[in-house]
Protein chains: 2
Amino acid sequence: MKRNSRLSSTLHILVHMAEKPEHALTSEQLATFIHTNPVVVRRTIAGLRDAGIVTSSRGHGGGWLLGRAPENISLAEIGAALGETLLPFSTEPESPGCLVEQAVIAVLDDFRIAAEKLLAEKLSRITLADLTADFRRRYDLIGVSSHAV
Amino acid sequence: MKRNSRLSSTLHILVHMAEKPEHALTSEQLATFIHTNPVVVRRTIAGLRDAGIVTSSRGHGGGWLLGRAPENISLAEIGAALGETLLPFSTEPESPGCLVEQAVIAVLDDFRIAAEKLLAEKLSRITLADLTADFRRRYDLIGVSSHAV
DNA sequence: CGAAATCGTAACTAATTAAGTTACATGAAA
DNA sequence: TTTCATGTAACTTAATTAGTTACGATTTCG
């Protein structure tokens, strides 16, 4: 799993889980989907469990299941549960008392607040169901073209 | 200079330059503003020079000047010149041929394109002049309160 | 009950990235 | 021609994150 791909890797995993709603998938299986190992998977999606997006169960036959219907799981929620920051730049003061810095941070934070609100709104309108639908469309297309050839 | 603070550090530097439009500031001086060293400054703002946002001159009396009026320098341009990415998540394929991954990346890239456009528009409406105005407002306020006390 | 399967998590290692530093060549001004 | 500056390469250090190992806790199955 590459750096900064926690969101896309997690979505990948979740689509697989959505495609097998009745069947718990183990960390081991999920790990192979995103070419990493089980511990990284558990660590990465631990926050999703806390948010109720997925559930996990231990022991024989255990593993991971979606916590609710894909229609009710938005990308905004997933991103938040991963602790992903939408905007990457820092506005931590480094020279307390410097008025120039204060002005810069004030303007940048205003922008950040507005931008994060905007992005969160956009992301809350995309659900896991949209992703599975896109996947199935692609899957059907491949099926058709295979027949055609 | 902390991680991820390249944008705010650069803005800090640029406001100082805007406040001394006739006087070239050296990398050394700029470095002290943001608590780093001259080489880091040169490296960081090299892209701004290429974009015409600042100019640099060597030798005695040399240093850095704004390339144009603060009103004509937008945060969008500055961010672009720094090579800063607005959205931090990666959508590099890691499993070429996997339809699930393709669906995830497609949706995520659609979002990214729309989001980046939106953010760039917002940032293009904020100029360096807005920052210097904010700084001066703060400066005047301190002056007033100093008198009052 | 005991064995096997599975998650939860701590602790450590490795890889990656970005900042910091040193060094020196280039160019401009006094 | 000396001094002051940038430009840039090369190296070192620090911080972050992924990967790994290990093991305890929990659950199911025989």
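Numbers restart at 1 for each chain; the letters A, B, ... are given by sequence-line order, proteins then strands.
Residues Trp64(A) and Thr55(A) have side chains that never bring a donor and an acceptor to within less than 3.5 angstrom of each other.
Under the 3.5 Å distance criterion, the side-chain polar atoms of Ser5(A) are left unmatched by any main-chain donor or acceptor of Ser8(A). The main-chain N or O of Gln29(A) is found under 3.5 Å from a side-chain atom of Thr26(A) such that the two form a donor-acceptor pair. Between the side chain of Asp140(B) and the backbone N or O of Arg137(B), no donor-acceptor pair lies under 3.5 Å.
What separates CG of Leu48(B) from P of dT6(D) is a distance of 14 Å, to the nearest Å. The nearest whole Å value for the distance from the CD atom in Gln29(A) to the P atom in dT6(C) is 8 Å. Regarding His23(B), its NE2 atom lies at a distance of 15 Å from the P atom of dC4(D), rounded to whole Å. Note: CD (Glu28(B)) to P (dT21(C)) measures 12 Å, nearest angstrom. Arg42(B) places its CZ atom 13 Å from the P atom of dA9(D), with the value rounded to the nearest Å. Atom C1' of nucleotide dG7(D) and atom CG of Asn37(B) are separated by 14 Å, given to the nearest angstrom.
Distances shown here put a side-chain N or O of Ser27(B) below 4.0 Å from the OP1 or OP2 atom of dT6(D). Look at Ser56(A) and you won't find any side-chain N or O under 4.0 angstrom from OP1 or OP2 of dT6(C).
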Check against side-chain contact (heavy atoms from CB on, under 4.5 Å), Leu66(A) and Leu128(A): CA-CA 10 Å; Leu66(A) 287 187; Leu128(A) 195 52; 3.9 Å; yes

Derivation and outcome, side chain to side chain donor-acceptor pair (under 3.5 Å), residues Thr91(A) and Arg112(A): CA-CA 9 Å; Thr91(A) 52; Arg112(A) 179 212 294 291; 3.2 Å; yes

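With respect to the salt-bridge test (charged N to carboxylate O, under 4.0 angstrom), the residues Arg138(A) and Glu101(B) do not qualify.
Comparing dC7(C), dA10(C), dT6(D) against the side chain of Arg49(B) picks out dT6(D) as the nearest. The nucleotide whose nearest atom lies closest to any side-chain atom of Val39(B) is, among dG7(D), dT9(C), dT22(C), dT22(C).
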Between protein and nucleic acid, restricted to nucleotides 15-18 of chain D and to nitrogen or oxygen atoms under 3.5 Å apart, what atom pairs and distances do you find?
from: dT16(D); atom 1: O2; to: Arg3(A); atom 2: NH2; distance (Å): 2.5
from: dT17(D); atom 1: O4'; to: Arg3(A); atom 2: NH2; distance (Å): 3.1
from: dA18(D); atom 1: O3'; to: Met1(A); atom 2: O; distance (Å): 3.2

Contact letters for nucleotides 24-30 of chain D, in which S counts primed atoms plus P, OP1 and OP2 and B counts the base, heavy atoms under 4.0 Å: BBBBSS-

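Distance CG/Leu82(A) to CG/Leu75(A): 10.5 Å, rounded to 0.5 Å.
Both tests do not hold together for Arg6(A) against Phe89(B): distance to the six-membered ring centre under 6.0 Å, angle to the ring axis within 45°.
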